[in-house]
**Q** 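Below: one structure in structure tokens.
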Amino acid sequence: MENKEEAPKRSLNFIESFVEQDLKDGKNDGRIQTRFPPEPNGYLHIGHAKAICLDFGIAAQYGGICNLRFDDTNPVKEDVEYVDSIQEDIQWLGYHWKNIYYASDYFQQLWNLAIQFIKQGKAYVDEQSAETIAKQKGTPTMPGIESPFRNRSIDENLELFNKMTAGEIPEGAMVLRAKIDMASSNMHFRDPIMYRIITSHPHHRTGWKWKVYPMYDYAHGQSDYFEGVTHSLCTLEFEVHRPLYDWFIDQFKTSDYRPRQTEFNRLNLTYTVMSKRKMLQLVQEGLVNGWDDPRMPTICGLRRRGYSPESIHSFIDKIGYTKFEALNDIGLLEHAARENLNKTATRVNAVLDPVKLIITNYPEGKVELMETVNNPEDESAGTREIVFSRELYIERDDFMEEAPKKYFRMTPGQEVRLKSAYIIKCTGFKKDEANKLIEIYAEYDPQTKSGMPESSRKVKGTLHWVSVAHSLPAEVRLYDRLFKVENPSADEHDFRDLLNPDSLKILTKCYVEHSLLNSKPLDHFQFQRIGYFNVDTDSTSESLVFNRTVSLKDSWAKEQLK
RNA sequence: UGUCUUAUGGUGUAAUGGUAGCACUGCAGUUUCUGGAUCUGCCUGUCUAGGUUCGAAUCCUAGUAAGACAACCA
């Protein structure tokens, strides 16, 4: 008899439930197809990662496909620069699209369909100004009024739309509008604009070919339809667009197939901003050092900061998908990073704020190779050797002239362990005229080398260290949250006034162990007792630069706050 | 004086009419050659009022609060 333990059933989120129900109902011949539809007008951020995980994840989970489709219907804002970075970021996250499409692939098809709308009396050319059209639109609580051009003849509409298309009409002079209902309680039904004229900018793919460009509401749903998308997943703010999404498709669909739009909550993170506009401002005004500044919530920023794709997945998995507009604690993202890096990062020694420690009874000129484990959480990571000598650097924080009772580190008369080396006892120290500590003295016990029986002696504190003569100088960049307040977007002040002045501290006089000489940009490490760090893209073997991804939890720091 | 949507511990999220659970945070302890990690325990919750039901976080009604919608942006 097998005693099979029932697999713990992970509960489905509401979108998975919809998909499973659709599958059960046999909709769309049992096909599952999604798409990730970024506009190539900016860099992807962690909010997009949430959408990416859902779009690609649902497809993978239910044996469907997910395409990447660039929603490139506004040449004024879009650029190939973004097309490339978006692809790179998606791949870095570990996803593979079935096809790459562009909304611009459908320009002709969309245009043909627009002609059909005109011929059916469902669209008309309006030649009022943008201001007039806006005014006539009414407000959410007041109905709009109809355009005087609303009822012109089909022939006239056809002729004018052709002129628009041919570039004979100046930008802004005319638009094509769907003829729906100016009194609808849904603003989007008040004769939405389908096409506008843009002659001032070339499109990044079609050049100067088109003079008219479709608007989102018309282009997006129809592109979904043309592609065979079954589940069109987007964020909550598109909820009010859904009836229009459905309306357009109802006007021309010829079979049972139809894409279904479902909205989920977007990702909001504490202590940061996620809006493209604000991020662009931070970059353009030099408040951060570019889109990939490790403090930015962009995918490239997180990558450079040292977040792994796994930790991002894990984070997104933890926050879930609902219809509740939440504000997620960035602490959870940091937790996900620690959880992942704890299992994977090689432990190394780095001293960020060095002070010299001299082992007075250790022979001058002698060196020993000490074996140390690369990762106690992963035996397969193996061991390596590090160099021990008479003169070491330790952390300035790890010494106190007069220490409180709970201080387990170096203080005169107290024993500490040097990680992977010897137990030592502090015998003295030296200060300069300015009363600044410059040297610490200690004696080692030769019988306590790691691995020897005496080394199992109980010692409260263990310190990390590097050998003065064998360590490498390095620059270390310490990052903290970008903003001082939890929710900068909800604050009454300008978000730029809320930036955390201490979000970046650059330490230039650090020493790291010699093995880091061979490290490559983006390699992850744990600097023992300090935190998780990775090699910055600025780093070279002549001049090492590390970024702090996230600190280790520090219960001593907490203790001190009491 | 509109339409749509949402409301479960400090935060996020489950429970699909039947014991309100999980994760993060916090606190206490265990353990440790990282004051890390591990392990254990604890604190804290169904917006309000009615109704339906043997039974409601869940269904209904009404409130309250929050969000979205009035770009020739997506």
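Just so we're on the same page: letters track the sequence lines, and every chain starts at 1.
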**Q** Is the shortest side-chain N to carboxylate O distance from A:R150 to A:D191 below 4.0 Å?
**A** yes

**Q** Can you check nucleotides 16-18 of chain B for protein contacts, nitrogen or oxygen pairs under 3.5 Å, and list what you find?
**A**
none

**Q** Between A:F324 and B:A7, do the rings stack, that is, sit under 5.5 Å apart with planes less than 30° off each other?
**A** no

**Q** Return the value, rounded to whole Å, for the distance between atom CG of A:D246 and atom P of B:C4.
**A** 15 Å

**Q** Can you sort out the partners of A:A173 under side-chain contact (heavy atoms from CB on, under 4.5 Å), two or more places apart, ordered by chain and number?
**A** A:I169, A:P170

**Q** The criterion is side chain to side chain donor-acceptor pair (under 3.5 Å); which residues satisfy it with A:R242, sequence neighbours excluded?
**A** A:E263

**Q** Can you build the contact string for nucleotides 67-74 of chain B? Use B for base contact, S for sugar-phosphate-only contact, and - for no protein heavy atom under 4.0 Å.
**A** SSSBSBBB

**Q** Is a donor from one side chain sitting under 3.5 angstrom from an acceptor on the other, for A:Y321 and A:E16?
**A** no

**Q** Is the base of B:G35 touched by the side chain of A:Q560 through a donor-acceptor pair closer than 3.5 angstrom?
**A** no

**Q** Which nucleotides of nucleotides 20-32 of chain B have their base under 4.0 Å from a protein heavy atom (B), which only their sugar-phosphate (S), and which neither (-), written as one string 5' to 3'?
**A** ----SSSSS----

**Q** Would you kindly say whether A:T199 and A:E171 are connected by a side-chain donor-acceptor distance under 3.5 Å?
**A** yes

**Q** Output the rounded distance in Å from CG (A:N487) to C1' (B:G12).
**A** 15 Å

**Q** Check the distance between B:G35's C1' and A:Q528's CD and give it to me in whole angstrom.
**A**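 Nearest whole value for this atom pair: 13 Å.
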
**Q** Assign A:E263 to base, sugar-phosphate, or nothing according to its heavy-atom contacts below 4.0 angstrom with the strands shown.
**A**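 If one applies the 4.0 Å heavy-atom cut-off, A:E263 turns out to touch nothing in the nucleic acid.
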
**Q** Applying ring pair (Phe, Tyr, Trp, His ring centres under 6.0 Å), name anything that partners A:F483, two or more places apart in sequence or on another chain.
**A** none

**Q** To the nearest Å, give me how far apart CG (A:L561) and P (B:G35) are.
**A**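 A:L561 atom CG is separated from B:G35 atom P by 17 Å.
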
**Q** Name the atoms and distances for all side-chain donor-acceptor pairs under 3.5 Å in residues 34-44 of chain A, with sequence neighbours left out.
**A**
| residue | atom | partner | partner atom | Å |
| --- | --- | --- | --- | --- |
| A:T34 | OG1 | A:D55 | O | 2.7 |
| A:R35 | NH1 | A:H220 | NE2 | 2.9 |
| A:R35 | NH1 | A:S232 | OG | 3.1 |
| A:R35 | NH2 | A:L233 | O | 2.4 |
| A:E39 | OE1 | A:N41 | ND2 | 2.9 |
| A:N41 | OD1 | A:K276 | NZ | 2.5 |
| A:Y43 | OH | A:E81 | OE2 | 2.9 |

**Q** Return the value, rounded to whole Å, for the distance between atom CZ of A:F14 and atom C1' of B:U13.
**A**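 For the pair A:F14 CZ and B:U13 C1', the rounded distance is 13 Å.
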
**Q** Throw together a table of side-chain donor-acceptor distances under 3.5 angstrom for residues 332-341 of chain A, partners on residues two or more places apart or in other chains.
**A**
| residue | atom | partner | partner atom | Å |
| --- | --- | --- | --- | --- |
| A:R338 | NE | A:S551 | O | 2.7 |
| A:R338 | NH2 | A:S551 | O | 3.2 |
| A:E339 | OE1 | A:K318 | NZ | 3.2 |
| A:N340 | OD1 | A:S308 | OG | 2.4 |

**Q** If the condition is side-chain contact (heavy atoms from CB on, under 4.5 Å), which residues does A:A403 pass it with, not counting sequence neighbours?
**A**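 By the side-chain contact (heavy atoms from CB on, under 4.5 Å) rule, A:A403 matches A:M400, A:Y407, A:T411.
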
**Q** List the residues meeting side-chain contact (heavy atoms from CB on, under 4.5 Å) with A:T132, not counting sequence neighbours, and say none if there are none.
**A** A:Q128, A:S129, A:Q136

**Q** Considering only the C1' atoms, how many Å lie between B:U13 and B:G9, rounded to the nearest integer?
**A**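 These two C1' atoms come out 12 Å apart once rounded.
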
**Q** With A:E415 as reference, evaluate A:R457, A:R409, A:K460 under the salt bridge (Lys or Arg N to Asp or Glu O under 4.0 Å) test and give the passing residue.
**A**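 The option that passes is A:R457.
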
**Q** For A:K135, check side-chain contact (heavy atoms from CB on, under 4.5 Å) against everything at least two apart and list the hits.
**A** none

**Q** In whole Å, what is the span from the CG atom of A:N349 to the C1' atom of B:G36?
**A** 14 Å

**Q** Treat a base pair as Watson-Crick or G-U wobble with both distances under 3.5 Å, then lay out RNA chain B in dot-bracket form, 5' to 3', with | for cross-strand pairs.
**A** .((((((..((((....[..)))).((((.........))))....(((((..]....))))))))))).....

